[in-house]
2 protein chains.
Amino acid sequence: MRSEAPTIQDVARVAGVSTATVSRALTSPGRVSERTRDLVLEAVETTGYVANEMARNLRRQRANSICVIAPELSNPFFSNIISGIEQICKPQGYGVFVTESSSTDEEKAGLINMMASARVDGFIVLDGNLDHSMLKTRGPSGRPVPIVSACEWRNGSLAPSVTVDNVGGAMQAVKHLAALGHTKIGHISGPEENVLTAARMQGYKKGLDSSGLAYREDYVLRGEFSLESGQRAAEHWLKMPDRPTAIFCASDREAFGFISQVSKNGVQVPRDVSVIGFDNIEVSGFFVPALTTVSQPRVEIGRVAAKMLFDLIQENEHHTMENPQLDVSLVIRESTAPPAKQA
Amino acid sequence: MRSEAPTIQDVARVAGVSTATVSRALTSPGRVSERTRDLVLEAVETTGYVANEMARNLRRQRANSICVIAPELSNPFFSNIISGIEQICKPQGYGVFVTESSSTDEEKAGLINMMASARVDGFIVLDGNLDHSMLKTRGPSGRPVPIVSACEWRNGSLAPSVTVDNVGGAMQAVKHLAALGHTKIGHISGPEENVLTAARMQGYKKGLDSSGLAYREDYVLRGEFSLESGQRAAEHWLKMPDRPTAIFCASDREAFGFISQVSKNGVQVPRDVSVIGFDNIEVSGFFVPALTTVSQPRVEIGRVAAKMLFDLIQENEHHTMENPQLDVSLVIRESTAPPAKQA
DNA sequence: CTAGTGCATGTAATCGATTACAAATGGGCT
DNA sequence: AGCCCATTTGTAATCGATTACATGCACTAG
């Protein structure tokens, strides 16, 4: 057991060949004779050699890793996407860095630095609000470092994106409520500046419209996707003189917050108010009541995004696939029901 | 706008100094004259130079990144820990790789490879079942690559670990139930081979014991921490001739699965059965009913683990702090109540 | 006046791989 | 035999930084 890790030099010495031959035997086995290959492989075995990635990457001018930028790592919604990304990257030998999007300028500089410093070959951005000024930054090759957006996207950005049919999903949700007989359908929105907020709001309006219902400004409660914001919206709802009998929430977590809070005030779901979410996070099927929601293929989103990024990295920006939009599906469970008969 | 990224050579040329001076001006400013430093900084500015991490890392023999190995990335429990880890790493300029623990041998080899190939300076392992044979692997320096375990740990492992007081937490939970007047207290355990399962089981028994209650084998239902396993346990519970009136679950998700399933069968929590969880994941406070649970400081666990790992990486294995054990706290909410009066 | 000290800087080796280019070998074909 | 080409291997340059060592200079003390 030597104290230094074996290098390609050691393998070459043991095998009695040059380092070039060792490198070839390992990375393009077809280019050496069978005898030599065996010799090298045996030497690798006896020395316990593993190629040093830093040296390889320096020479090859790539990092063999990508970076995922999420608004908040702790949100389970994003972890599923990251899981999908990792599923694609691992078999390719790519490492996956994760980082939270940065609010301060200093941190943002850190990101740009990461980009320019040859540490990663590409980015997957899950935060639609991230300033894409870094798009202009170039990697060591002089080319811009490829970026793909997933879930959220940025209007006017050059980066390709993989998204889901937010408008269609929201529309389906509203139509479901209308079909149950609801005429007073409210909406808890997402945070103001978010692209998903806008898309789901649009779907909400379209759903209302296609069901022959009028849009009422006062039926839209502002949320932030979070549990707490759903709770706050519930407080507001409880005080409304003419309450909606059904609520389409822009996220499952808002729905949980809402249900939790109204339950504490003796309101029962779905008897007194129907609630529908968006996302279908894992716990949704186990909530009490089980949540009717619009299901997003989160893992698949990650997988598709990773594949797109690899296309960009490898195929060098031709093969520009269309921005894929994945389907969502309405999962009907127990938080929606026909409205109670009016007294 | 040149097509190649600027290198230290370019900066040196523009500033009219040698590359050594540029390097010194940037990494140890005190070692160059003020005049030269300004010259270099100005040249950096005009060229837009950012140091190439691969080259730097190769020379310095470190990777400037660590790797987190989690059983499943999609589990929100782990994402909080990862968030804590990232909070510590980012300011230090360290990148955080994440990966799911590997079941197949092939994938495991990939991990060992990562370790030996100088891609990371250390590991944080969140999976107690991960085979630590890789512990024996050495990095490029010849020293073993530092590892710290977090949350879960491995019996007999050399790796330091940061954990929480699982036994104490479980004991508190059971005592709380006993204090409410419950005498028939059941337990939904974790997966068989898991260290947390054993610890929480031990706490369960101690809690029973210190409350003067006897341990009953048939009151222990097997779970796997998951929502589904809680649901299955509920099915079992419903069929029991002599049901426990309170259940201590080894995880919040088990508790949700349990409550969800019994609710569907007309059983009310906490009126008919009290339920207490373990973890205090985000949604717990918003469940219906809000879940009484043992709260773990997940983000803090990540932060402490990351700090420990840095100590190991930098201080070169002296300064072996004790394995810290963080406190948990019982959060009493609405899923626990005194038992219903027996008929 | 000279040796010694310390500072600022430059020269060149170095990290460990990949790969362009060169050289050697052998086989097939005319 | 002579030529060409393919195959296999070796030599050495290269990726872009850091850093050991050498150099030159100014200043001080003896």
Side-chain angles (χ1 to χ4, degrees), chain A residues 2 4-40 43-44 47-64 93 113 116-119 121 138-142, chain B residues 2 4-40 43-44 47-64 93 113 116-119 121 138-142:
Chain A
R2 295 220 325 297
E4 293 291 310
T7 72
I8 202 172
Q9 312 277 351
D10 300 314
V11 179
R13 190 171 339 98
V14 171
V17 298
S18 72
T19 61
T21 301
V22 174
S23 177
R24 281 190 285 253
L26 295 176
T27 61
S28 37
R31 294 176 34 108
V32 299
S33 72
E34 196 178 336
R35 210 185 87 81
T36 311
R37 187 163 57 240
D38 292 344
L39 232 45
V40 170
V44 167
T47 53
Y49 169 74
V50 177
N52 181 310
E53 282 282 333
M54 309 261 94
R56 166 176 296 176
N57 291 344
L58 172 60
R59 175 65 222 232
R60 290 223 181 126
Q61 297 281 67
R62 56 174 173 60
N64 242 314
N113 184 67
S117 68
R119 280 182 82 152
D121 299 320
R138 280 146 198 282
S141 66
Chain B
R2 292 221 326 296
E4 294 290 312
T7 73
I8 201 172
Q9 313 277 351
D10 299 315
V11 179
R13 192 172 338 102
V14 171
V17 298
S18 72
T19 61
T21 300
V22 175
S23 177
R24 280 189 286 252
L26 294 176
T27 61
S28 37
R31 294 176 34 105
V32 298
S33 72
E34 194 177 337
R35 209 185 88 81
T36 310
R37 186 163 59 240
D38 291 345
L39 234 43
V40 170
V44 166
T47 53
Y49 169 74
V50 177
N52 182 311
E53 282 282 333
M54 311 260 94
R56 166 177 296 177
N57 291 344
L58 172 61
R59 176 64 222 235
R60 290 225 181 124
Q61 298 281 68
R62 57 175 174 61
N64 242 315
N113 184 67
S117 67
R119 280 182 81 154
D121 299 320
R138 280 146 198 283
S141 67

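Computed from a prediction, not measured in an experiment: that's the story for all the values here. Here is the naming used below: chain letters follow the sequence lines, and residue numbers restart at 1 for every chain. Computation of the quantities below employed the complete heavy-atom set of this structure, encompassing side-chain atoms and omitting hydrogens, waters and symmetry-equivalent molecules.
- Within the structure, salt bridge (Lys or Arg N to Asp or Glu O under 4.0 Å) contacts touching residues 19-33 of chain A (residues at least two apart or in different chains) do not occur.
- Atom CG of B:Asp10 is separated from atom P of D:dC15 by 12 Å (rounded to the nearest Å).
- Note that CG of B:Asp121 is 7.5 Å distant from CG of B:Asn57, once rounded to the nearest 0.5 Å.
- Shown here for A:Ala118 and B:Asn52, the closest heavy-atom pair between the two residues is CB-ND2, 3.7 Å.
- We find that CG of A:Asn57 is positioned 15 Å from C1' of D:dT14, with the value rounded to whole Å.
- A pairwise comparison of heavy atoms in B:Ala12 and B:Thr19 identifies CB-N, 3.8 Å as the closest pair.
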Which atoms of nucleotides 22-28 of chain C (N or O only) lie under 3.5 Å from a protein N or O atom, and what are those distances?
none

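- Taking atom CG of A:Leu26 as the reference point, atom P of C:dA17 lies 10 Å away to the nearest angstrom.
- B:Arg37 meets the side-chain contact (heavy atoms from CB on, under 4.5 Å) test with B:Pro29, B:Val32, B:Glu34, B:Leu41; sequence neighbours excluded.
- Shown for residues 30-38 of chain A: no residue has heavy atoms falling under 4.0 angstrom of DNA chain C.
- Following rounding to the nearest Å, B:Leu58 (CG) and C:dG16 (C1') show an atom-to-atom distance of 6 Å.
- Contact annotation: B:Tyr49 does not reach the phosphate of D:dG16 (side-chain N/O to OP1 or OP2, under 4.0 Å).
- Separating the CD atom of B:Gln9 from the P atom of C:dG10 is a distance of 13 Å, rounded to the nearest angstrom.
- Summary of helix geometry: the two end axes of the helix from C:dC1-D:dG30 to C:dT30-D:dA1, each defined by five base pairs via their C1' atoms, are inclined to each other by 60° (rounded to 10°).
- Annotation: the span from B:Arg59 atom CZ to A:Met54 atom CE amounts to 15.0 Å, rounded to 0.5 Å.
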Produce the list of close N/O pairs, under 3.5 Å, pairing protein atoms with atoms of nucleotides 10-13 of chain D; give distances to one decimal.
unit_1	atom_1	unit_2	atom_2	d
D:dG10	OP2	A:Ser18	N	2.9
D:dG10	OP2	A:Ser18	OG	3.1
D:dG10	OP2	A:Thr21	OG1	2.5
D:dG10	N7	A:Arg24	NH2	2.7
D:dG10	O6	A:Arg24	NH1	3.2

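- Side-chain nitrogen and oxygen atoms of A:Ser23 include at least one within less than 4.0 Å of the OP1 or OP2 phosphate oxygen of C:dT18.
- Look at B:Gln61 and you'll find a side-chain N or O under 4.0 angstrom from OP1 or OP2 of C:dG16.
- C:dA17 atom P lies 15 Å from atom CZ of A:Arg62, rounded to whole Å.
- Nearest heavy-atom pair, A:Tyr49 versus A:Ile8, reported as atom, atom and distance to 0.1 Å: CE1-N, 3.4 Å.
- Checked against side-chain contact (heavy atoms from CB on, under 4.5 Å), B:Val14 has the following partners two or more places apart in sequence or in another chain: B:Ala43, B:Thr46, B:Thr47.
- By the side-chain contact (heavy atoms from CB on, under 4.5 Å) test, A:Val50 is found to be paired with B:Asn113, B:Ala116, B:Ser117, residues two or more places apart in sequence or in another chain being considered.
- By the salt bridge (charged side-chain N to carboxylate O under 4.0 Å, His left out) test, B:Arg13 is found to be paired with B:Asp10, residues two or more places apart in sequence or in another chain being considered.
- In this structure, the CZ atom of A:Arg60 is 5 Å from the P atom of C:dT19, given to the nearest Å.
- Not counting sequence neighbours, the partners of A:Ser18 by the side-chain hydrogen bond (donor to acceptor under 3.5 Å, both in side chains) test are A:Thr21.
- Between the CZ atom of A:Arg56 and the P atom of D:dA17 there is a distance of 21 Å, given to the nearest Å.
- By the side-chain contact (heavy atoms from CB on, under 4.5 Å) test, B:Arg56 is found to be paired with B:Thr27, B:Ala51, B:Glu53, B:Arg60, residues two or more places apart in sequence or in another chain being considered.
- With sequence neighbours left out, the side-chain hydrogen bond (donor to acceptor under 3.5 Å, both in side chains) criterion links A:Thr36 to A:Ser33.
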